[in-house]
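Working notes for the structure below.
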Number of protein chains: 2
Amino acid sequence: MNATSDEIKADYNFISDALIDIYDQIMRIEESEIRKSRFKDITAKELHLVHTIGLHDRKTTSEVARILRLSKGTLTANLNNLERKGYITRITNLQDRRIINLALTSKGRLLYRAHYAFHRKLVEQCLKGFGGADIKKMKQALLNVEDFIGEVSSK
Amino acid sequence: MNATSDEIKADYNFISDALIDIYDQIMRIEESEIRKSRFKDITAKELHLVHTIGLHDRKTTSEVARILRLSKGTLTANLNNLERKGYITRITNLQDRRIINLALTSKGRLLYRAHYAFHRKLVEQCLKGFGGADIKKMKQALLNVEDFIGEVSSK
DNA sequence: AAATAATAGTTTGATTATCAAACTATTTAT
DNA sequence: ATAAATAGTTTGATAATCAAACTATTATTT
């Protein structure tokens with residue numbers, strides 16, 4: 001009984017330690033993979049921004065700033081760079097001309113899909129050999145993390 | 001059969017999307033939780049550095065720079081800040097006086113443990129209600145990711 | 001209808017993070 | 001003993017970020 005409890009503790013520590021380091025490595029690899037492709041002028045942060053704009057099509061600048069927890073000024077600077085490089089476009093809203101809606105250009109969409117494909121490949125490798133029940137558990141684990149984040153945030 | 005394949009695809013997409021956003025939120029929450037505590041002068045990046053020094057006790061400056069993929073100059077600057085705030089200490093190596101070994105102060109160790117406890121709580125919530133077999137699967141998934149990272153990196 | 005307030009995004013000025021290259025001190029190799 | 005190599009710091013330049021001031025536009029008040 002005690003041995004089992006120690007084993008669980010060791011498993012938890014293993015998982016905790018692994019999680020802390022994996023993400024950094026993934027970010028770094030994402031950037032280096034993307035720079036080997038035709039999108040050599042993109043940093044990890046810019047990739048993240050392109051991903052967000054692709055996922056939330058035609059959201060306003062303020063909404064995207066809130067999603068990414070960046071100040072509006074910082075986002076403006078980042079958008080200038082991505083617009084200059086041809087990945088995103090600013091669309092003035094005709095109903096309310098104060099508002100700018102953000103969208104990807106066709107080049108931006110290509111980058112978005114390449115990035116998404118990389119993530120999909122990562123997930124496939126991660127779940128290699130897993131059955132339906134195992135995948136359900138993984139989903140549950142992620143939902144649990146989201147709950148935890150929600151709880152801590154709202155406190 | 002086709003419906004099942006579509007379901008699996010949807011599950012993969014769900015997991016992929018969830019993973020992308022969760023980490024950013026965790027980083028942000030970690031910082032905000034730590035700033036609510038007695039460690040108000042610590043940023044997320046500094047927390048990461050304290051964690052690394054705590055995990056790899058008395059490693060040299062160059063080794064820590066390599067682990068974190070920071071230039072030596074950048075690390076020197078970060079270390080100056082953390083030393084000034086009292087979280088880390090530089091220990092001149094007496095065998096080779098060019099080398100500096102890094103360690104946490106007692107204040108640094110308190111911060112390290114608080115941070116580690118937070119991660120443990122996160123993992124516990126994540127695996128809430130999971131049995132031994134499920135936890136084994138989770139470990140396998142993380143090992144798979146590490147393999148994937150290794151493969152891509154070495155290519 | 002005119003004046004005022006509110007809102008969306010940009011610009012500005014300051015601060016901080018980062019890097020590569022030059023530099024200093026020390027150790028190893030010739 | 002001298003030259004080469006190594007560990008860490010300093011320097012100078014560049015990029016990322018924020019908060020606050022600013023501009024243009026829309027909504028509200030009177």
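Source: prediction; values computed, not measured. Numbered from 1 within each chain, the chains take letters A, B, ... in sequence-line order.
- Between D:dA16 and A:T74, no contact under 4.0 Å exists linking OP1 or OP2 to a side-chain N or O.
- Distance, A:I99 CD1 to D:dA24 C1': 13 Å, rounded to whole Å.
- Between B:T76 and D:dT9 there is a side-chain N or O to OP1 or OP2 distance below 4.0 Å.
- Remark: the backbone N or O of A:I34 is not paired with any side-chain donor or acceptor of A:K40 at under 3.5 angstrom.
- If you check every strand for non-hydrogen atoms under 4.0 Å, A:S62 touches sugar and phosphate atoms only.
- Proximity of a side-chain donor or acceptor of A:T89 to a complementary backbone N or O of A:T105 within less than 3.5 Å is not detected.
- Atom P of nucleotide D:dT26 and atom CD1 of A:I100 are separated by 12 Å, given to the nearest angstrom.
- Distance B:N81 CG to D:dT10 P: 13 Å, rounded to the nearest Å.
- Nearest-nucleotide assignment on DNA chain D puts the 5′-proximal partner with A:L70, out of A:L70 and A:Q95.
- When rounded to the nearest whole Å, the span between CG of A:D96 and P of C:dA6 equals 17 Å.
- Nearest nucleotide to the A:R97 side chain, out of D:dG8, D:dT17, D:dT26: D:dT26.
- Taking only side-chain nitrogens and oxygens, A:K45 comes nearer than 4.0 Å to OP1 or OP2 of D:dT17.
- The residue B:N78 sits close only to the backbone: its heavy atoms come under 4.0 Å of sugar-phosphate atoms, none of a base.
- In this structure, CG of B:L49 is placed 16 Å from C1' of C:dT16, rounded to the nearest angstrom.
- Protein atom NZ of A:K72 is 16 Å distant from nucleotide atom C1' of D:dT17, rounded to whole Å.
- Between A:E124 and A:K128, none of the side-chain N atoms (NZ, or NE/NH1/NH2) sits under 4.0 Å from a carboxylate O, so this pair counts as no salt bridge.
- In the hydrophobic clustering of this structure, A:I8 groups with B:L127; members are Ile, Leu, Val, Met, Phe, Trp, Tyr whose side-chain heavy atoms approach within less than 4.5 Å, directly or through other members.
- Whole-Å rounding puts the A:N93 CG to D:dA27 P distance at 11 Å.
- In this structure, CD1 in A:I67 is found 10.0 Å from CG in A:L75, a value given to the nearest 0.5 Å.
- Contact annotation for B:T61: backbone-only contact, meaning every heavy-atom pair under 4.0 Å involves sugar-phosphate atoms and none involves a base.
- Rounded to a whole Å, the CZ atom of A:R90 is 15 Å from the C1' atom of D:dA24.
- Which of C:dA8, D:dA5, D:dT10 sits closest to the side chain of B:R98 comes down to D:dA5.
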